[in-house]
Amino acid sequence: MKTAHISPYEPQAIEPKWQRIWEERCQNDVREDPARQKFYLLEMLPYASGDLHVGHARNYTLGDVIARFRRMRGFNVMHPMGFDAFGLPAEAAAIQRGTHPQDWTEANIANMTRQLHRLGVAYDWSRVVDTSSPEYYRWTQWLFLLMYRKGLAYKKEAPVNWCPFDQTILANEQAEGGVCWRCGTRVEQRLVNQWFFKTTAYADRLLEGLDRLPGWPERIKTMQRNWIGRSEGVTFSFDIPAANASISTFTTRLDTVYGVTFIALAPDHPLLERLLEGNEHAVQVRRFVAEIAGKTELERTQMEKLGVFGGVHARHPLTGERVPIWVTNYVVSSYGTGAVMGVPAHDERDFEFAHTHNIDVKTVVVPPNDPSFVARDMPYVDDGVLTRSGEFDGLTSADARRTIAEELIERGIGEETINYKLRDWLISRQRYWGAPIPIVNCPEHGLVPVPEDQLPVLLPYDAPFTGTQGSPLENVPSFVNTTCPQCGGPAKRETDTMDTFMCSSWYFLRYLSPHDARAPWERDAAFYWAPVDHYIGGAEHAVMHLMYARFFYKVLHDENMVPADEPFTRLFNQGFVLGENHEKMSKSRGNVIGIDETADRYGIDALRLFEMFAGPPETDYPWSTTGIAGATRTLNRVWRLVLTHINALRNPPTAAAANGSADADLRYSIHSKIKQLTDEIGDRMHLNTCIAALMTLLNDLEAYAERHEDASKSATFAAGLRALVLMLAPFAPHITEELWERAGQMRSVHLEAWPAYDESALARSLIPYVIQVNGRHRGTIEAPPGSSQDAVLERAKDVPTVSAQLGGKTVRKTIFVKDKLLNIVVG
RNA sequence: GCCGAAGUGGCGGAACUGGCAGACGCACGCGACUCAAAAUCGCGCGAGGUCACCCCUCAUGUGGGUUCGAUUCCCACCUUCGGCACCA
């Protein structure tokens with residue numbers, strides 16, 4: 001093969017060239033087309049942090065390959081991109097460097113936009129959104145008002161993480177370990193008036209919806225189920241005669257109720273003060289409560305189980321026994337009723353507590369096969385059969401739970417209850433860089449929503465965001481002081497901004513009509529495009545973003561603004577790109593590989609090809625400098641092969657196979673690869689094996705060209721070149737477009753149809769049969785498909801390595817798998 | 001502690017429903033081209049035995065099991081990674 005006179009492959013020249021042309025042609029812009037099947041592909045929008053690295057590139061390339069493939073398969077593909085632009089990092093950077101959050105964010109978006117263009121991803125750039133722009137957050141505020149109108153947004157006083165140094169509230173995830181992520185100060189629990197969304201009202205629907213999402217990873221659904229934490233049980237009361245009160249408890253194990261030997265109260269239980277009146281233990285209890293109050297809930301969960309006797313007894317509603325009440329550190333007031341019936345024999349925690357405080361352990365449930373069982377060294381927490389439980393003895397746990405519940409309900413002291421771990425979503429943030437909450441406080445009318453025609457409530461550019469003066473907007477009089485929309489009298493605005501997760505809970509709908517000034521999105525557009533068919537993003541958003549977005553979507557479905565009640569049909573969590581040292585890529589480790597430096601050196605197509613080839617999309621893999629060099633080498637080989645035989649693409653030969661079996665073999669290779677990629681990209685998405693298949697096809701084509709001087713005149717070879725370029729196009733869009741143009745094609749390679757495979761090319765006259773003796777591979781023969789067992793056996797006996805194993809032994813049986821294998825069992 | 005995922009050459013990985021373990025690539029070695037190097041191309045490349053060739057044995061974290069046959073299914077254990085962790 002002559003390689004002379006072929007221009008060198010120069011990605012640095014052709015990549016910007018095609019990016020410019022695609023942009024000028026608006027080649028990737030889409031619109032609704034009822035005649036075609038839609039496909040909405042989305043990657044989670046990035047936070048506007050400023051710089052993209054090869055991990056982002058992997059994520060977006062994966063989406064791009066699937067989107068381009070779908071487009072070539074005839075789908076009308078929506079593939080947009082945007083920026084999650086509000087948030088604390090912008091404010092932190094502002095405080096640190098003295099730049100304004102808006103300027104910092106804008107500069108970052110400009111840089112990231114440049115880098116995203118550079119990646120060659122086929123986004124519809126006319127739809128880009130910036131969640132910090134007034135055109136966008138106007139609708140975030142509008143959606144807040146929708147929630148408010150529906151009674152799903154409310155304000156209440158609640159304990160939150162407060163950093164005394166930064167003078168601000170922190171989200172749970174920013175106060176991990178009980179310290180402020182920014183300054184390391186220990187956070188305090190503080191009661192603050194906060195805005196919440198009533199996510200708990202949707203708890204059951206959020207749970208049930210997961211069962212209708214077969215396209216989601218099981219582990220993400222499990223995480224959401226755990227987070228929602230639905231549990232069914234019974235709430236019933238214990239009377240406290242001495243205090244003339246009663247204490248309500250929740251349990252899922254009513255079958256163990258006869259084993260109650262104490263009641264455990266949360267230290268901040270509302271009834272506690274009443275129990276302590278005239279109680280000789282009061283001093284001790286108060287000292288204990290004060291000690292615990294100094295700890296956050298998180299710290300409490302990490303301590304050993306402590307408690308003091310409360311000085312009073314309750315009356316067991318079924319046995320009438322006196323049950324001591326203890327105040328403990330292991331019961332939390334925020335779940336259930338803040339009081340727990342203590343059953344040491346059948347609960348790990350109660351057992352541990354009872355053990356250290358010398359409380360009775362009363363076994364009331366025994367394993368079915370061990371009636372004399374006694375919980376001595378460890379509790380028995382499984383279901384079993386009841387004993388020492390009065391009239392309920394002999395019932396199974398399941399039956400007992402039902403029967404005892406009926407009894408309590410009948411007597412009017414109990415009711416069936418469902419509890420959730422899920423709590424309402426706290427959306428207030430005392431920060432500057434977020435969307436202001438569109439509510440006005442009027443001395444006459446209380447909380448008054450800002451009328452929709454007055455949106456957006458603009459974030460003032462000038463605000464003292466020092467990070468130490470509390471909420472910055474509080475200190476901007478021109479913002480705070482306003483008039484009541486209802487009476488026109490003087491009033492004050494809410495100075496909190498909204499959690500940025502609100503911005504990202506609906507952005508995928510804004511993409512559908514990003515410039516609409518009358519509505520957050522056009523209903524028709526939503527009913528055409530939604531839901532998102534394929535959502536790609538990291539698993540770190542398993543609960544937060546994905547739960548919030550599902551909540552929003554269900555509310556919007558109730559409003560008939562979207563066509564269904566689940567926003568993301570298929571969810572895919574891609575793996576990370578690790579550093580070359582197999583460690584997580586991070587600035588502090590100094591192993592971050594940037595997009596620009598990589599593109600300059602190897603080209604974007606090589607980056608894309610390497611990242612899709614290095615491993616299956618869901619697993620982590622390390623960066624490899626030699627690996628990407630290998631991708632460049634592969635592209636170089638494609639370049640030379642195609643240009644050497646460019647005439648075969650320019651004027652495809654029509655002559656039938658000229659080289660007999662070589663052509664048939666090549667044809668088989670071509671069509672099997674087309675079939676493999678077609679099935680794989682559409683379904684399992686193991687793009688690494690797709691690229692391996694393309695490399696094999698490249699090897700086969702090169703070998704053919706090497707052996708046949710007149711390769712360019714073979715119709716089969718020409719078809720192979722064509723298939724190679726078309727199938728490589730989603731992976732390496734620039735080089736394929738350039739080759740396509742040089743082949744004299746008038747249309748973009750990316751608007752061509754995906755090649756079709758021919759079943760007849762996959763049928764072979766001879767196929768390999770594996771011959772085993774006693775299950776071990778001893779040889780291979782070639783025979784026609786559909787050969788009989790006897791025919792294969794006859795042929796197999798002639799294979800020396802097989803006959804050597806058969807020598808002198810009796811054939812006991814043979815196992816024959818049609819078109820595949822013959823196993824001869826001898827002994 | 002509980003739940004889940006994963007362990008395959010020097011490295012990334014392949015083998016999709018049990019049927020030729022190591023596709024494809026990287027690294028490495030040898031050779032061709034070259035004054036030389038780079039680039040490129042060709043050949044080799046799990047371990048051991050025998051080595052002229054054929055071939056044989058062992059090998060998919062460890063130990064068992066099911067099966068004619070196990071990287072694949074089952075049981076136990078080890079390691080790694082993720083999630084949950086007093087939710088009554």
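In the text below, chain A, chain B and the rest are named by the order of the sequence lines, each starting its count at 1.
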Which pairs of donor and acceptor atoms, one on a side chain in residues 256-263 of chain A, lie under 3.5 Å apart (sequence neighbours left out)?
unit_1, atom_1, unit_2, atom_2, d
A/Thr256, OG1, A/Arg253, O, 2.8
A/Thr261, OG1, A/Asp360, O, 2.9

Donor-acceptor pair under 3.5 Å: do we get one between A/Gln772's side chain and the base of B/rG69? no

Is the NE2 atom of A/His686 crowded by more than 12 outside heavy atoms at less than 6.0 Å?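 Enclosed: over 12 neighbouring heavy atoms sit under 6.0 Å from NE2 of A/His686.
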
Is there a side-chain polar atom (N or O) of [X] under 4.0 Å from OP1 or OP2 of [N]?
{"X": "A/Lys813", "N": "B/rC68", "result": "yes"}
{"X": "A/Arg776", "N": "B/rU57", "result": "yes"}
{"X": "A/Asn688", "N": "B/rA14", "result": "yes"}
{"X": "A/Thr222", "N": "B/rG83", "result": "no"}
{"X": "A/Asn699", "N": "B/rG25", "result": "yes"}
{"X": "A/Arg219", "N": "B/rA6", "result": "no"}

So if I take every side-chain heavy atom of [X] and compare against [options], which nucleotide ends up nearest?
{"X": "A/Ala692", "options": "B/rC20, B/rC24, B/rC16", "answer": "B/rC24"}
{"X": "A/Thr626", "options": "B/rG12, B/rA27, B/rC20", "answer": "B/rA27"}
{"X": "A/Ala614", "options": "B/rG12, B/rA88, B/rG19", "answer": "B/rG12"}
{"X": "A/Lys305", "options": "B/rA88, B/rC86, B/rG19", "answer": "B/rC86"}
{"X": "A/Arg684", "options": "B/rC86, B/rA15, B/rA88", "answer": "B/rA15"}
{"X": "A/His582", "options": "B/rG13, B/rC86, B/rG12", "answer": "B/rG12"}
{"X": "A/Tyr621", "options": "B/rC41, B/rG13, B/rC86", "answer": "B/rG13"}
{"X": "A/Arg640", "options": "B/rA88, B/rU40, B/rG13", "answer": "B/rU40"}
{"X": "A/Arg633", "options": "B/rU40, B/rC68, B/rC24", "answer": "B/rU40"}
{"X": "A/Asn823", "options": "B/rC68, B/rA88, B/rC20", "answer": "B/rC68"}

Determine which bases of RNA chain B form Watson-Crick or G-U wobble pairs with both distances under 3.5 Å, and write the result as a 5' to 3' dot-bracket string with | for other-strand partners. (((((((..(((......[....))).(((((.......))))).((((.....))))..(((((..]....))))))))))))....

I'd like to know whether A/Phe610 forms a ring pair (Phe, Tyr, Trp, His ring centres under 6.0 Å) with A/Trp623, so could you lay out the CA-CA distance, the side-chain angles of the two residues, the decisive distance to 0.1 Å, and finally the verdict. CA-CA 9 Å; A/Phe610 166 70; A/Trp623 179 255; 5.2 Å; yes

Find the distance [X]:[atom1] to [N]:[atom2] and express it as a whole number of Å.
{"X": "A/Leu578", "N": "B/rG82", "atom1": "CG", "atom2": "C1'", "result": "13 Å"}
{"X": "A/Leu724", "N": "B/rC24", "atom1": "CG", "atom2": "P", "result": "16 Å"}
{"X": "A/His777", "N": "B/rC68", "atom1": "NE2", "atom2": "C1'", "result": "16 Å"}
{"X": "A/Glu348", "N": "B/rA85", "atom1": "CD", "atom2": "C1'", "result": "12 Å"}
{"X": "A/Met685", "N": "B/rC16", "atom1": "CE", "atom2": "C1'", "result": "14 Å"}
{"X": "A/Leu822", "N": "B/rG69", "atom1": "CG", "atom2": "C1'", "result": "12 Å"}

Using the [atom1] atom as the point on both nucleotides, what is the distance between [M] and [N], in whole Å?
{"N": "B/rC24", "M": "B/rC33", "atom1": "C1'", "result": "27 Å"}
{"N": "B/rC11", "M": "B/rA27", "atom1": "C1'", "result": "7 Å"}
{"N": "B/rC58", "M": "B/rG69", "atom1": "P", "result": "14 Å"}
{"N": "B/rU79", "M": "B/rU62", "atom1": "P", "result": "15 Å"}
{"N": "B/rA70", "M": "B/rG64", "atom1": "C1'", "result": "14 Å"}
{"N": "B/rC41", "M": "B/rG25", "atom1": "P", "result": "11 Å"}
{"N": "B/rA47", "M": "B/rA59", "atom1": "P", "result": "16 Å"}
{"N": "B/rA14", "M": "B/rG22", "atom1": "P", "result": "15 Å"}

Do [X] and [Y] touch side chain to side chain, with heavy atoms closer than 4.5 Å?
{"X": "A/Thr363", "Y": "A/His346", "result": "yes"}
{"X": "A/Leu643", "Y": "A/Ser7", "result": "yes"}
{"X": "A/Thr678", "Y": "A/Met727", "result": "no"}
{"X": "A/Arg550", "Y": "A/Leu213", "result": "yes"}

Residue whose nearest RNA chain B nucleotide is more 5′ - A/Met695 or A/Glu680: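 Its nucleotide being nearer the 5' end, the pick is A/Glu680.
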
Mapping A/Thr689 and A/Phe613 to their closest nucleotides on RNA chain B, which lands nearer the 5' end?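 Going by which nucleotide is closer to the 5' end, it is A/Thr689.
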
What is the nucleic acid contact for [X], judged by heavy atoms within less than 4.0 Å: base, sugar-phosphate only, or nothing?
{"X": "A/Pro616", "result": "sugar-phosphate"}
{"X": "A/Arg637", "result": "sugar-phosphate"}
{"X": "A/Arg812", "result": "nothing"}
{"X": "A/Gly336", "result": "nothing"}
{"X": "A/Ser231", "result": "sugar-phosphate"}
{"X": "A/Val825", "result": "sugar-phosphate"}
{"X": "A/Asp620", "result": "sugar-phosphate"}

Could I get the full list of salt bridge (charged side-chain N to carboxylate O under 4.0 Å, His left out) partners for [X], not counting sequence neighbours?
{"X": "A/Asp679", "value": "A/Lys675"}
{"X": "A/Arg795", "value": "none"}
{"X": "A/Asp204", "value": "A/Arg230"}

Base contacts versus sugar-phosphate-only contacts with protein, heavy atoms under 4.0 Å: please encode nucleotides 47-55 of chain B as B, S and - from 5' to 3'. --------S

Which atom names give the shortest non-hydrogen contact between A/Gly414 and A/Phe236, and what distance separates them?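 A/Gly414 and A/Phe236 have their closest heavy atoms at CA-CB, 3.8 Å.
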
Can you name the closest pair of heavy atoms from A/Glu611 and A/Tyr621 and give their distance? O-OH, 2.6 Å

Does a side chain donor of either A/Tyr704 or A/Asp665 reach within less than 3.5 Å of an acceptor in the other side chain?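 No pair is found: no donor N or O on one side chain lies under 3.5 Å from an acceptor on the other.
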
Side-chain donor-acceptor contact under 3.5 Å, A/Glu232 with A/Thr252: no

Answer syn or anti for B/rG9, where the cut-off is 90° from 0 on the glycosidic torsion. syn

